[in-house]
Amino acid sequence: MDWKPTRRRLLQGSALLALGSMAGCLSAATSGQEKLQNAAGANSTSETTTSDNHTETTTDNCVDDETPIEATELSEPDSLDEWLSDANKYDGKSRRYGPDERVAVSVGKPTDDGPAFDPPLIEVPPMTDVWWEWTGRGEHNVVALDGGFDSGRTNAQRGTSYHHFFDEPGEYLFVSEPHYNDGMKGAVVVTEPPSTGYEAVDEWMINTSNFDGTVTDETGSETASVRVGTPGNSGNFAFDPPVLKVSTGTTITWEWTGNGGGHNVVFQEADIDSGEIAADSGETFKHTFETTGTYRYACEPHNGIAMKGALIVE
């Protein structure tokens with residue numbers, strides 16, 4: 001969609017808007033600029049009507065005479081951490097997607113601090129189409145800080161979606177205009193995914209937050225260990241190290257930390273598993289690997305949040 005110059009000026013600058021004498025209320029289709037003004041202090045009520053091919057939002061603004069409305073300055077931050085420091089639902093972690101995954105961000109996820117993009121920070125490879133999908137919880141839009149993409153006027157209709165194709169590496173910051181003062185902001189980081197040089201491992205581990213492409217090399221050792229229930233994936237839901245390389249004949253011991261609830265170790269291509277789910281610190285599971293290959297495993301209760309590991313036997 002075309003970038004609207006009035007919205008660009010308001011997002012990248014600041015202004016003090018003085019309203020003169022006004023009798024009664026205004027009723028009109030709201031622009032992005034008016035939405036920002038409303039979010040900054042005007043009283044408003046909204047009603048959205050949707051037809052098959054058209055959505056229109058109307059706003060009734062009743063403002064006292066000479067009420068100043070200040071538009072908050074949104075300029076380029078010094079860092080991504082600074083930008084996301086007050087973003088709702090941000091826990092310091094990014095959600096990483098692989099090349100063949102559908103990428104979707106929820107718009108208007110309710111939180112204790114206010115509405116949020118969920119997840120607020122995503123990491124995708126170049127040539128990825130990112131979709132934003134409205135939850136139906138409040139009026140929102142999606143606007144890039146640098147003007148690179150813009151979903152248009154605000155919408156409260158559940159099922160509304162907007163997408164943008166990212167072909168170049170970089171950091172792309174965005175907001176929902178009506179709620180930028182309330183911490184509804186996010187970012188898309190476009191970068192090549194981490195790589196171990198083993199394609200099957202990289203595809204399996206892409207969503208695991210503590211995976212950065214590092215392979216812990218224990219070749220030549222008779223024993224090696226992996227901790228179960230370490231920090232990662234928005235909790236203590238990771239294996240450490242996430243990727244381990246050993247020689248044939250090595251005995252590996254998985255050691256439970258007691259954190260993150262109950263876990264187990266279940267391999268995908270081999271008949272190897274730790275049995276019952278265990279939660280206590282000090283629990284262990286051992287297996288000796290005699291055959292070369294690449295082995296993928298996961299914790300069954302937390303597979304959905306990417307508690308995964310990989311083993312390379314050479």
Check against side chain to side chain contact (heavy atoms under 4.5 Å, CB included), W134 and S151
CA-CA 11 Å; W134 272 243; S151 67; 4.0 Å; yes
Only one of V103, L121, N207 passes side-chain contact (heavy atoms from CB on, under 4.5 Å) with R95, and that residue is N207
Considering all heavy atoms of both residues, which atom of K89 and which atom of A116 are nearest to each other, and what is their separation?
CB-CB, 3.9 Å
Near E199 CD, under 6.0 Å, is it more than 12 heavy atoms from other residues, nucleotides or ligands?
no
Tell me the closest heavy-atom pair linking G213 and T196, and the distance in Å.
O-CG2, 3.5 Å
Please name all residues satisfying side-chain hydrogen bond (donor to acceptor under 3.5 Å, both in side chains) with D118, sequence neighbours left out, ordered by chain then number.
none
To check you understand the geometry: which heavy-atom pair defines the closest contact between G152 and N141, and what is its length?
O-ND2, 3.1 Å
Please tell me whether D202 and S195 have a donor and an acceptor in their side chains that are separated by less than 3.5 angstrom.
yes
Under 3.5 Å side-chain donor-acceptor pair for S79 and D81
no
Would you say CZ of R296 has more than 12 non-hydrogen atoms from neighbouring residues, nucleotides or ligands within 6.0 angstrom?
yes
Quick one: which of W254, F289, W204 gives a ring-ring contact (aromatic ring centres under 6.0 Å, His included) with Y297?
W254
Test item: side-chain donor near acceptor, T111 and D113, under 3.5 Å:
no
Side chain proximity check, R96 to F211, heavy atoms < 4.5 angstrom:
yes
